[in-house]
Number of protein chains: 2
Amino acid sequence: MPSQDVPQIVIERLPFYLRGLEHMANRGQRVVSSQTLGEWVGVSAAQIRKDLSYFGEFGKQGLGYEVTYLRDQLRLILHADRDWRLILVGAGALGSALVNYLVAGQWQYHIVAVFDSDPAKHGKRMRDLYVQPMSELEGVVEAQDIDLAILAVPADAAQQVADDLVRCGVRGMLNYAPIRLNVPQGVHCAEIDPIARLQGITYFL
Amino acid sequence: MPSQDVPQIVIERLPFYLRGLEHMANRGQRVVSSQTLGEWVGVSAAQIRKDLSYFGEFGKQGLGYEVTYLRDQLRLILHADRDWRLILVGAGALGSALVNYLVAGQWQYHIVAVFDSDPAKHGKRMRDLYVQPMSELEGVVEAQDIDLAILAVPADAAQQVADDLVRCGVRGMLNYAPIRLNVPQGVHCAEIDPIARLQGITYFL
DNA sequence: GCGTGTGAAACAATTCACAGCG
DNA sequence: CGCTGTGAATTGTTTCACACGC
C-alpha cells in the first residue's frame, strides 16, 4: 500500500466513495461503473479512477467495480474495517451533543471516556459515562491504548489540551475548537467548524 | 466586490482569517502582518496576501494590516456583519445537539424553527422551540424570510428535504447527512461529516 | 462495445521574488 | 527598512484520450 505520495485530497474523498458503495451494497447492487459512482458522489468518473489507481486495480474492464469488493478494499485502506475507541475532551453543550450523536448512530467509533477541566462537571453523567478530571487523561489513554480524541473545548484551551493529548500518545484528533492546532509530524488533526462553513455560504447570499 | 472568479477555496479560508483577527482584536493588538496572521491560521504569508488581493487592498506597506479594519472588511465580504436566522430540519440526537450548540455559543446564527417528519416528535420542546411538522415548512420560511437551513436528517431523506427547502426559497444549507445533495445553481450547500473526517484520520494510523 | 487504468495535456493553486510605497 | 500587492514560476490537481482486456 502506498503511504507517502497519495495526495491528502484523495484520501479525503475516499470516505465519500465508501459511502456511495455502502449505499449501493445495501440496495443489492452488484456492480458499479466509475461513471455511476461519480454521479452519486458528485465527482467525475476520471477522478474516481485516478484516485483508486493510487491504491491498486480494483475494477474489471468493460464491467466496472464489484460493489462489495471495492467497499471492502476501501474499508481496509481507510482502516474502517475495525472499531475505534476514542475519548472526548470537553463536556459542554457541544461535547454532550457529540456523545449523543456518536452513541445514537451505530458507528464504528466509540467514545469510551469524557474529560473536562472544570471541577463542577466532574462526575456528571453523560449516557453511560462519567466526566473525569484531566488528571485522569494519561492513565486512561495508556490503559486503553487510545489513538483518537475529539476536542470540544473553548478555543483558548484547545492548544493546551492538544499538547496534553499528544504527550499521552494520541495520534489523531477531531477538533471542534475554532483554532488551528499545532501538532507534531505524525499526529493528524481535522478541523470541524460549522460557523466557518456557514460564513462560507453567506458570502454568496 | 468580485463575485464570479474568486476560487471557492479562497472563500473557505476567509472565515479562518476572520477568526484570527477577532482573536487579535480581543487582545488589543492593533496591527498584524501577513506573516503573523499566517502563522496563527496555519497558511503562508503569501497566500494570505494573494487571497485578500481578490477583494481589494487592505494593508499598509511597511506596516501590515490594521486588525480591526481588516476584520470589519472580512465581515462585510462574508456577510458576517449581521445576524442570520436559520431553520433546522431533523430533531433527532444530532439535531438537538446542534440546537444546544448554536444557542449556547452566542453566534450570529439563530435557529428560529425546528421541523421533523416524525409525528412522534411534533410538539417536543427543544430549548425554547417546539418541533413542527414538515407541512409548516413553507409557511415559516416565507413568513420569516429564511435563507439558511441545517439538515440533520437520515441520508435517505436528505435529498427530498433539500428539494423541499429549495422550493420554499432557501438558498443555503449546511448538510449533516452523509450524502451529496443535488441542488440547483444559486443554492449553496456545505457538507459536514464527522465520520468521514475520522476515516480520513484513521487512514494514517 | 464498454469501462478501466494511465500517461500526457490542461488547468488550478501556491509560492517565489521583487517593485513600490509608507 | 519592512511589508504589501502582484506578475511569473512552480507545484499540485483534474481532465483528456486512448491502449488494453473482458
Side-chain angles (χ1 to χ4, degrees), chain A residues 1-17 20-21 24 29-74 77 180 200 203, chain B residues 1-17 20-21 24 29-74 77 180 200 203:
Chain A
M1 193 183 296
S3 86
Q4 210 44 247
D5 61 330
V6 181
Q8 174 74 25
I9 195 159
V10 170
I11 292 156
E12 285 170 11
R13 276 191 297 261
L14 298 184
F16 296 97
Y17 303 163
L21 292 161
M24 290 162 183
Q29 193 174 335
R30 306 294 287 264
V31 152
V32 68
S33 66
S34 57
Q35 178 67 36
T36 310
L37 181 57
E39 278 160 16
W40 200 90
V41 179
V43 310
S44 74
Q47 181 146 78
I48 290 193
R49 296 203 301 278
K50 177 73 90 177
D51 285 355
L52 294 177
S53 77
Y54 283 102
F55 302 95
E57 309 192 357
F58 304 107
K60 293 202 177 75
Q61 282 150 328
L63 242 173
Y65 302 89
E66 217 191 303
V67 171
T68 55
Y69 174 70
L70 183 54
R71 176 198 65 190
D72 293 344
Q73 291 300 308
L74 285 181
I77 292 166
R180 175 65 149 270
Y203 167 82
Chain B
M1 197 182 295
S3 86
Q4 211 43 251
D5 62 328
V6 181
Q8 175 73 25
I9 194 161
V10 171
I11 292 156
E12 284 170 10
R13 274 191 298 260
L14 298 184
F16 296 97
Y17 302 164
L21 292 162
M24 290 163 183
Q29 193 175 335
R30 305 295 286 262
V31 153
V32 68
S33 66
S34 56
Q35 177 67 36
T36 311
L37 181 57
E39 277 160 18
W40 201 90
V41 179
V43 309
S44 74
Q47 181 146 78
I48 290 193
R49 297 202 301 275
K50 176 75 83 176
D51 285 355
L52 294 177
S53 76
Y54 283 101
F55 302 96
E57 309 194 356
F58 305 107
K60 294 205 177 72
Q61 283 150 326
L63 241 170
Y65 302 90
E66 217 190 304
V67 171
T68 55
Y69 174 71
L70 182 56
R71 177 198 65 192
D72 293 344
Q73 290 299 310
L74 284 180
I77 291 167
R180 174 67 147 270
Y203 167 83

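Convention: sequence-line order gives letters A, B, ...; per-chain numbering from 1.
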Next item on the list: Provide the closest heavy-atom pair for B/M24 versus B/T36 in the form atom of the first, atom of the second, distance.
Entry: CE-O, 4.4 Å
Check: Taking atom C1' of D/dT13 as reference, at what distance in whole Å does atom CD1 of B/I9 sit?
Finding: 11 Å
Notebook entry, point to check: Rounded to whole angstroms, how far apart are CG on B/D51 and P on D/dG5?
Noted result: 12 Å
Checklist line | B/V43 versus B/R13, closest heavy-atom pair with distance | finding: CG1-CD, 4.2 Å
Check: How long is the line joining CD of B/Q8 and P of D/dT13, in whole Å?
Finding: 17 Å
Check: Which atom pair, heavy atoms only, marks the closest approach of A/I77 to B/Y203?
Finding: O-CD1, 3.3 Å
Next item on the list: Please report the C-alpha distance between A/I11 and A/Y54 in whole Å, then the side-chain angles of each, then the deciding distance to 0.1 Å, and finally whether the side-chain contact (heavy atoms from CB on, under 4.5 Å) criterion is met.
Entry: CA-CA 10 Å; A/I11 292 156; A/Y54 283 102; over 6 Å; no
Note to self: To check you understand the geometry: which heavy-atom pair defines the closest contact between A/L37 and A/V32, and what is its length?
What the structure shows: N-CG2, 3.7 Å
Next item on the list: Could you tell me the separation between the CG atom of B/L14 and the P atom of C/dA13, rounded to a whole number of Å?
Entry: 14 Å
Check: Atom CD of A/Q47 to atom P of C/dC11: distance rounded to whole Å?
Finding: 16 Å
Margin query: With the threshold set at under 4.0 Å for non-hydrogen atoms, list the residues of residues 58-72 of chain B touching DNA chain D in residue-number order.
Written below: B/F58, B/G59, B/K60, B/Q61, B/G62, B/L63, B/G64, B/Y65
Checklist line | Any residue of residues 39-46 of chain A with a heavy atom less than 4.0 Å from an atom of DNA chain C | finding: none
Next item on the list: Report the relative orientation of the aromatic rings in B/Y69 and B/F58; use parallel for angles under 30°, tilted for 30 to 60°, perpendicular for over 60°.
Entry: tilted
Margin query: To check you understand the geometry: which heavy-atom pair defines the closest contact between A/S34 and A/R49, and what is its length?
Written below: OG-NH1, 3.2 Å
Notebook entry, point to check: How close or far is atom P of C/dT6 from atom OH of A/Y54, stated in whole angstroms?
Noted result: 11 Å
Notebook entry, point to check: Is there a side-chain polar atom (N or O) of A/S34 under 4.0 Å from OP1 or OP2 of C/dT4?
Noted result: yes
Margin query: Strictly below 4.0 Å: does A/R49 bring a side-chain N or O up to OP1 or OP2 of D/dC18?
Written below: no
Just the atom pairs and distances: protein N or O near nucleotides 7-10 of chain D's N or O, under 3.5 Å.
from, atom 1, to, atom 2, distance (Å)
D/dG7, N7, B/K50, NZ, 3.4

Next item on the list: Grab the CD-C1' distance between B/E12 and C/dA13 for me, whole Å please.
Entry: 13 Å
Notebook entry, point to check: What is the distance, rounded to the nearest whole Å, between atom CG of A/L52 and atom C1' of D/dT13?
Noted result: 16 Å
